[in-house]
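Notes follow the structure.
Both ligands and their constituent atoms are indexed starting at 1 by order of listing.
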Amino acid sequence: MDGNGRWAKKRLLPRLAGHKKGVDALRRCVHLCIERSIPVLTVFAFSSENWNRPQEEVSGLFELLALALSREVPEMARQGVRLHFVGERSSLSERVQTGFAQAEQNTAANQRLQLNICFNYGGRWDMAQAAAKVAASGQPLTEANISAALALAHVPDPDLLIRTGAELRLSNFLLWQAAYSELVFSPTLWPDFDAADLDSAITAFAQRERRFGQTSAQVCAQASASALPQVAQKR
Ligand code: IPE
Ligand code: MG
């Protein structure tokens with residue numbers, strides 16, 4: 001969710017005003033995903049590296065987080081959103097940790113949309129903590145065991161990864177899980193990200209051929225085989 005600071009700067013507003021608008025954009029995006037029956041949305045809210053921002057901005061972001069936990073979560077719960085907070089928690093305050101745990105508990109039975117909020121998250125942190133977990137359990141360090149120990153093991157790898165704000169990099173987001181994700185880079189600053197932006201990303205995604213290492217001919221053959229009626233397939 002990149003571009004909050006630039007959105008504010010363009011309007012001669014403090015950066016925090018952009019982050020506030022970013023919360024509105026997230027609420028809108030959750031709604032759009034529900035409307036489109038998208039089952040999982042994972043957003044990058046605060047990275048392991050964002051601690052390096054000016055202290056004033058970091059504390060402003062945490063105030064906004066507290067506000068969002070009290071104001072946004074109940075409404076999301078009503079809409080059938082199941083929340084997961086993904087990231088390193090032990091270095092966060094007791095208050096934030098409790099807020100995360102309560103939001104997760106209160107929405108645990110919801111099934112409409114799984115919303116993963118990556119907070120104090122980094123892709124490298126996730127891979128390292130997963131490897132440490134597997135090693136501590138005495139299991140071999142296989143791809144399957146690492147995948148199962150990742151902080152996002154409860155959802156499939158993302159099909160589509162959208163980065164807003166015109167930056168062309170992953171910045172330590174979903175490094176393991178994005179191996180075969182289709183990437184869309186949107187010039188829109190996150191506070192402005194709307195239905196048209198989401199739909200244009202989905203349209204771009206729908207035009208991609210996903211080969212997962214295979215040839216185009218193989219993919220086409222499989223697609224036409226699965227389109228055949230059951231009886232014809234058996235013959
Ligand atoms: C992303 O917006 C939000 C967070 C990292 C919390 P930025 O704050 O990175 O916005 P720009 O890149 O300065 O525009
Ligand atoms: Mg940025």
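- For the residues Arg53, Lys9, Lys10, the heavy atom positioned nearest atom 9 (O) of ligand 1 is part of Arg53.
- When you scan the N, O or S atoms of Asp2 for the one nearest the Mg ion (ligand 2), you land on OD1.
- Judged by distance alone, the side chains of Glu75 and Gln79 do bring a donor and an acceptor atom under 3.5 Å apart.
- Taking 4.0 Å as the cut-off, Gly165 does not count as a neighbour of ligand 1 on heavy-atom distance.
- Of the protein's heavy atoms, Met1 O, 3.0 Å lies nearest to atom 1 (C) of ligand 1.
- Remark: minimum distance from atom 7 (P) of ligand 1 to any protein heavy atom is reached at Asp2 OD1, 3.5 Å.
- Proximity of a side-chain donor or acceptor of Gln129 to a complementary backbone N or O of Leu150 within less than 3.5 Å is not detected.
- At least one N/O-N/O distance between Arg15 and ligand 1 falls below 3.5 Å.
- The Mg ion (ligand 2) does not have Glu167 among its coordinating residues (no N/O/S atom, backbone or side chain, under 2.8 Å).
- By the criterion of a heavy-atom distance under 4.0 Å, the side chain of His19, and not its backbone, is placed next to ligand 1.
- Residue Ala45 touches ligand 1 through its backbone alone, judged by heavy-atom distances below 4.0 Å.
- No N or O atom of Trp7 sits closer than 3.5 Å to an N or O atom of ligand 1.
- Between Leu32 and Asp194, the closest heavy-atom pair is CD1-C, 3.9 Å.
- Near Arg6, with a cut-off below 4.0 Å to any heavy atom, the atoms of ligand 1 are 11 (P), 12 (O), 13 (O), 14 (O).
- Between Gln97 and Leu92 the shortest heavy-atom distance is NE2-O, 2.8 Å.
- Between the side chains of Asp2 and Thr164, no donor-acceptor pair is found at a separation under 3.5 Å.
- A side-chain donor from one of Asp192 and Trp7 sits under 3.5 Å from a side-chain acceptor of the other.
- Taking only nitrogen or oxygen atoms, main chain and side chain alike, Gly5 reaches within less than 3.5 Å of ligand 1.
- Here the closest heavy-atom approach between residue Asn4 and residue Gly22 is recorded as OD1-CA, 4.0 Å.
- Contacts with ligand 1 closer than 4.0 Å are made by side-chain heavy atoms of Asn50 only, the backbone lying farther away.
- Checked by atom type, the side-chain pair Asn120/Ser48 shows no donor-acceptor distance below 3.5 Å.
- Side chains of His154 and Gln114: no donor on one and acceptor on the other come within 3.5 Å.
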